[in-house]
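All of these numbers come straight from a predicted model, not from anything done at the bench.
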Amino acid sequence: MKHRHSMPFGAEVLDDGRTRFRLWAPGVKQLTLETTAGSAQSQASMSALEAGWFEAVVAEAPAGTRYAYRTGDTRFPDPASRCNPDDVHGASMVVDPLAFDWKDGAWNGRPWEETVIYELHIGTFTPEGTFAAAIGKLDYLVGLGITALEIMPVADFPGQRNWGYDGVLPFAPDTAYGTPEDLKRLVEQAHLRGLMVFLDVVYNHFGPEGNYLNAYAPQFFNPKHHTPWGAAINFDAEGSRSVRDFFIHNALYWIEEYRFDGLRLDAVHAIIDDSDPDIVTELTRAVRAGPGRERQVHLILENDSNQARYLERDKAGRALQASAQWNDDIHHAFHILTTGERDGYYEDYAERPLWYLGRTLAEGFAYQGEPSPHRDGAVRGEKSAHLPPTAFISFLQTHDQVGNRALGERLCALAEPQALRAATVCLLLAPSPPLLIMGEEFAASSPFLFFCDFGPELAAAVTRGRRQEFARFARFSDPAAQASIPDPNDPATFAASKLRWDEIERAPHSEWLVLYRELLALRHRVIVPRLAGMKSGGDFRIEGGVLRVQWTLGEGSRLHLAANFAASASGPLSMPPGELLYASSPLAKGAAGQSVLPAWTVVFMLEAK
């Protein structure tokens with residue numbers, strides 16, 4: 001099978017063997033194409049078309065040809081480059097996507113209800129840090145109970161090390177990880193094992209190094225809107241049609257040409273767009289109307305604004321736009337309950353974390369239009385109880401929540417084991433699709449630190465800014481303590497973040513792995529078959545310090561949760577009705593023979609229809 005997404009820009013190998021180069025450069029009058037095919041080098045003036053477009057069709061520019069554009073003294077790669085072998089400042093390379101022969105032709109995706117996500121960073125997932133090496137871990141993930149990989153951004157970034165959110169060439173997989181063919185093979189091999197693969201994409205900004213757009217297309221940005229990264233990407237002013245098409249084609253490109261099963265759209269709350277429909281709506285509709293009509297494609301949002309409007313379902317329960325959203329609210333509640341930390345954004349949940357946990361488990365968002373103290377009283381969120389739990393992705397840890405800590409500590413380094421076990425049981429058996437960050441399942445000892453590889457001047461500024469960022473915390477108020485924060489640009493910081501796979505063979509890591517496998521097997525056997533058809537959330541209450549949640553599942557049975565997230569027993573307690581599915585610790589009887597829930601104990605019961 002062959003797969004290609006045809007685009008109105010970039011380098012396209014035509015059916016007659018020629019290659020068409022097209023670029024939107026409304027900020028310049030003339031543009032030169034420079035190509036190198038083998039030892040042959042050539043230059044060609046590109047023809048000016050309407051609305052700022054330039055084009056050249058070249059007879060001798062086959063796959064493998066290096067090319068770049070030049071205006072005046074500025075030479076730059078193609079913003080739609082499919083491959084940039086010499087990093088973000090080097091020439092682009094012509095790629096013929098039809099040269100790759102896919103062997104997963106029968107793959108049509110999986111239903112969303114079956115989703116269990118494993119977030120991974122290619123560079124730190126394996127010792128080699130490549131697409132090819134990741135293939136060697138796919139059987140392990142299947143055995144764990146994972147059904148979907150979520151790969152952190154791979155769009156070409158400056159240097160050899162980066163989280164991926166500083167990408168500047170959104171169509172080019174970074175060659176630090178391998179070739180485009182290597183990435184396609186990873187997706188193909190995942191599909192052959194029944195695994196979905198989602199890609200994290202960034203449509204709210206470009207990275208600070210290697211972005212040449214202002215030199216030839218300043219209309220790509222709208223200076224009237226400001227973001228943490230500078231002027232916003234132009235989705236709503238003059239010239240925005242070409243900009244919107246650039247990102248819509250990017251989404252379709254990854255799904256059609258690389259056969260990703262969906263995308264995770266990073267921080268859509270940071271996209272400023274006053275048009276109607278906004279870019280998130282237009283993009284999600286384009287995916288649904290395109291590849292989403294032929295196979296099961298899922299879109300995931302990160303959206304701090306808690307906008308339920310993007311998660312709506314049709315009468316049959318199918319997602320109209322996004323399949324689900326990362327639910328930071330549930331993480332924050334879990335984190336307070338398991339660690340006691342209450343500063344920063346945790347202050348919004350600090351007064352009653354158990355109540356907020358109950359609301360997120362039952363209704364999706366914790367904040368559904370209430371004022372946020374952390375945001376100076378700004379109203380946050382929209383009503384979400386009418387949505388099914390499958391619209392909200394739950395997690396205890398992600399790259400954000402671990403890596404944005406000064407020392408990159410995982411939850412296993414912060415919480416007592418019994419508290420972490422209780423939270424894990426709650427996460428993996430509740431109806432919402434769970435997400436694990438790589439290594440979570442064996443309580444990896446390696447941190448996940450913030451790392452990058454910028455040029456000298458920018459690198460110094462990033463290191464300085466990183467340490468100043470944490471100076472407001474009492475723990476790092478002293479300059480000596482700030483100096484202990486790992487330097488993001490030091491290769492050792494990156495190396496320290498790599499998983500240590502030998503840990504899975506010894507305790508306590510092996511014991512955590514057994515727990516995760518056991519819980520995920522139970523989830524797939526009992527919970528997943530009953531999720532399809534859920535129309536809305538559940539009900540919750542707090543009784544004697546115990547959180548009680550009840551959900552009506554898709555076929556009419558009821559799932560009951562009783563959770564004691566305290567360091568002492570709670571009771572007396574009337575146990576939920578139904579068959580015991582799981583208890584994180586043995587249940588007990590009080591002095592009067594009544595049931596009590598021991599400290600840090602979570603119980604799930606299933607009541608038949």
Student: Got a donor-acceptor contact below 3.5 angstrom from the Arg295 side chain to the Pro291 backbone?
Tutor: no
Student: Does atom CZ (Arg288) have a neighbourhood of more than 12 heavy atoms from anything else shown, all under 6.0 Å?
Tutor: yes
Student: Tell me the closest heavy-atom pair linking Ala444 and Cys412, and the distance in Å.
Tutor: O-SG, 3.6 Å
Student: Using 0.5 Å steps for rounding, measure from the CG atom of Asn303 to the CG atom of Leu311.
Tutor: 8.0 Å
Student: Heavy-atom distance under 4.5 Å between the side chains of Ile122 and Leu186, does that happen here?
Tutor: yes
Student: Is Asp261 paired with Arg110 through a side-chain N to carboxylate O contact shorter than 4.0 Å?
Tutor: no
Student: Salt bridge between Arg264 and Glu302, side-chain N to carboxylate O under 4.0 Å?
Tutor: yes
Student: Could you tell me whether Glu518 atom CD has more than 12 heavy atoms of other residues or ligands within 6.0 Å of it?
Tutor: yes
Student: With a 3.5 Å distance limit and no angle check, can you tell me whether Asn234 reaches the backbone of Ala237 through a side-chain donor-acceptor pair?
Tutor: yes
Student: Is a donor on one side and an acceptor on the other found under 3.5 Å between the side chain of Glu607 and the backbone of Arg558?
Tutor: no
Student: So do Ile233 and Phe246 actually touch side chain to side chain, heavy atoms under 4.5 Å?
Tutor: no
Student: Any carboxylate oxygen within less than 4.0 angstrom of a Lys/Arg side-chain nitrogen, looking at Asp304 and Arg375?
Tutor: yes
Student: Would you indicate whether the side-chain heavy atoms of Gln325 and Asn306 approach each other to under 4.5 Å?
Tutor: yes
Student: Which residues satisfy the ring-ring contact (aromatic ring centres under 6.0 Å, His included) test with His205, sequence neighbours excluded?
Tutor: Trp229
Student: Is any side-chain heavy atom of Leu553 closer than 4.5 Å to a side-chain heavy atom of Lys609?
Tutor: no
Student: Shortest non-hydrogen contact from Ala155 to Pro170?
Tutor: CB-CA, 3.7 Å
Student: Would you say the ring centroid of Tyr356 lies under 6.0 angstrom from that of Tyr367?
Tutor: yes
Student: Which of parallel (below 30°), tilted (30 to 60°) and perpendicular (above 60°) describes Tyr345 and His332?
Tutor: parallel
Student: In this structure, is the centre-to-centre distance between the rings of Phe604 and Tyr582 below 6.0 Å?
Tutor: no
Student: What's the separation between atom CG in Leu361 and atom CZ in Phe392, rounded to the nearest 0.5 Å?
Tutor: 11.5 Å
Student: Would you say the side chain of Thr281 lies within less than 4.5 Å of the side chain of Gln321, judging by non-hydrogen atoms?
Tutor: yes
Student: If you apply the rule side chain to side chain contact (heavy atoms under 4.5 Å, CB included), what do you find for Arg410 with Leu420, and how did you get there?
Tutor: CA-CA 11 Å; Arg410 294 170 178 269; Leu420 182 54; over 6 Å; no
Student: Is there a side chain to side chain contact (heavy atoms under 4.5 Å, CB included) between His121 and Ser497 once you walk through the steps?
Tutor: CA-CA 10 Å; His121 177 271; Ser497 299; over 6 Å; no
Student: In Å and rounded to the nearest 0.5 Å, what is the CG to OG1 distance from Asn204 to Thr227?
Tutor: 7.5 Å
Student: Closer than 3.5 angstrom, by distance alone: can the side chain of Glu114 be matched with the main-chain N or O of Trp112 as a donor-acceptor pair?
Tutor: no
Student: Quick check: do Asp236 and Ile279 have side-chain heavy atoms less than 4.5 Å from each other?
Tutor: no
Student: Is the side chain of Asp273 donor-acceptor paired with the backbone N or O of Asp278 at a distance under 3.5 Å, no angle test?
Tutor: no
Student: Between Asn250 and Tyr203, do the side chains contain a donor N or O and an acceptor N or O under 3.5 Å apart?
Tutor: yes
Student: Look up atom CG in Leu581 and atom CG in Leu561, then write down how far apart they are to the nearest 0.5 Å.
Tutor: 11.0 Å
Student: Counting only heavy atoms not in Glu347 (residues, nucleotides, ligands), do more than 12 fall under 6.0 Å from its CD?
Tutor: yes
Student: State whether the side chain of Glu257 and the backbone N or O of His5 hold a donor-acceptor pair below 3.5 Å, judged by distance alone.
Tutor: yes
Student: Of all heavy-atom pairs between Ala350 and Pro353, which one has the smallest distance, and what is that distance?
Tutor: O-CD, 3.4 Å
Student: Are Phe442 and Tyr516 close enough, and set up right, to give a ring-ring contact (aromatic ring centres under 6.0 Å, His included), and what steps lead you there?
Tutor: CA-CA 8 Å; Phe442 61 88; Tyr516 272 79; 9.6 Å; no
Student: Indicate the atoms forming the closest heavy-atom contact of Glu440 with Leu435, along with that distance.
Tutor: OE1-O, 4.2 Å
Student: May I ask you to say whether Arg380 pairs ionically with Asp348, meaning some side-chain N is under 4.0 Å from a carboxylate O?
Tutor: no
Student: So do the side chains of Asp329 and Tyr349 get within less than 4.5 Å of each other, counting heavy atoms only?
Tutor: yes
Student: What's the shortest heavy-atom distance between Val402 and Glu409, and which atoms?
Tutor: CG1-O, 3.5 Å
Student: Does Arg293 use its side chain to pair, donor to acceptor, with the backbone of Val287 at less than 3.5 Å?
Tutor: no
Student: Can you give me every donor-acceptor pair (side chain of residues 532-547, partner residue at least two apart or in another chain, under 3.5 Å) with its distance?
Tutor:
from: Lys535; atom 1: NZ; to: Lys315; atom 2: O; distance (Å): 3.4
from: Arg541; atom 1: NE; to: Glu543; atom 2: OE1; distance (Å): 3.3
from: Arg541; atom 1: NH2; to: Glu543; atom 2: OE1; distance (Å): 3.2
from: Glu543; atom 1: OE2; to: Arg548; atom 2: NH1; distance (Å): 3.1

Student: Before giving the answer on side chain to side chain contact (heavy atoms under 4.5 Å, CB included), spell out for Glu441 and Arg517 the whole-Å C-alpha distance, their side-chain angles and the decisive distance to 0.1 Å.
Tutor: CA-CA 8 Å; Glu441 74 280 9; Arg517 284 175 173 162; over 6 Å; no
Student: Has the side chain of Thr398 got a donor or acceptor atom that lies under 3.5 Å from a matching backbone atom of Gln401?
Tutor: yes
Student: Do the side-chain N and O atoms of His269 and Gln307 include a donor-acceptor pair separated by under 3.5 angstrom?
Tutor: no
Student: Return yes if a side-chain donor-acceptor contact under 3.5 Å exists between Gln189 and Arg185, otherwise no.
Tutor: no
Student: Can you tell me which residue pairs pass the ring pair (Phe, Tyr, Trp, His ring centres under 6.0 Å) test with a partner in residues 305-327, sequence neighbours excluded?
Tutor: Trp326-Phe395, Trp326-His399
Student: Per the ring-ring contact (aromatic ring centres under 6.0 Å, His included) rule, which among Phe171, Trp254, Phe235 passes with Phe247?
Tutor: Phe235
Student: What's the separation between atom CG in Asp139 and atom CG in Leu195, rounded to the nearest 0.5 Å?
Tutor: 9.0 Å
Student: Judged by atom type as modelled, is there a donor-acceptor pair below 3.5 Å linking the side chain of Ser384 to the main-chain atoms of Glu363?
Tutor: yes
Student: Within the 4.5 Å heavy-atom criterion, are Pro434 and Arg523 side-chain neighbours or not?
Tutor: yes
Student: Would you confirm whether Asn564, through its side chain, and Leu597, through its main-chain N or O, come within 3.5 Å as a donor-acceptor pair?
Tutor: yes
Student: Say you draw a straight line from CG of Asp343 to CD1 of Ile336; how long is it, rounded to the nearest 0.5 Å?
Tutor: 9.5 Å
Student: Would you say the ring centroid of Tyr258 lies under 6.0 angstrom from that of Tyr253?
Tutor: yes
Student: Taking it one step at a time, do Arg421 and Gln418 satisfy side chain to side chain contact (heavy atoms under 4.5 Å, CB included)?
Tutor: CA-CA 5 Å; Arg421 181 186 177 98; Gln418 64 211 58; 5.6 Å; no
Student: If I compare all heavy atoms of Pro389 with all of Trp551, which pair ends up nearest, and what's the gap?
Tutor: CG-CD1, 4.0 Å
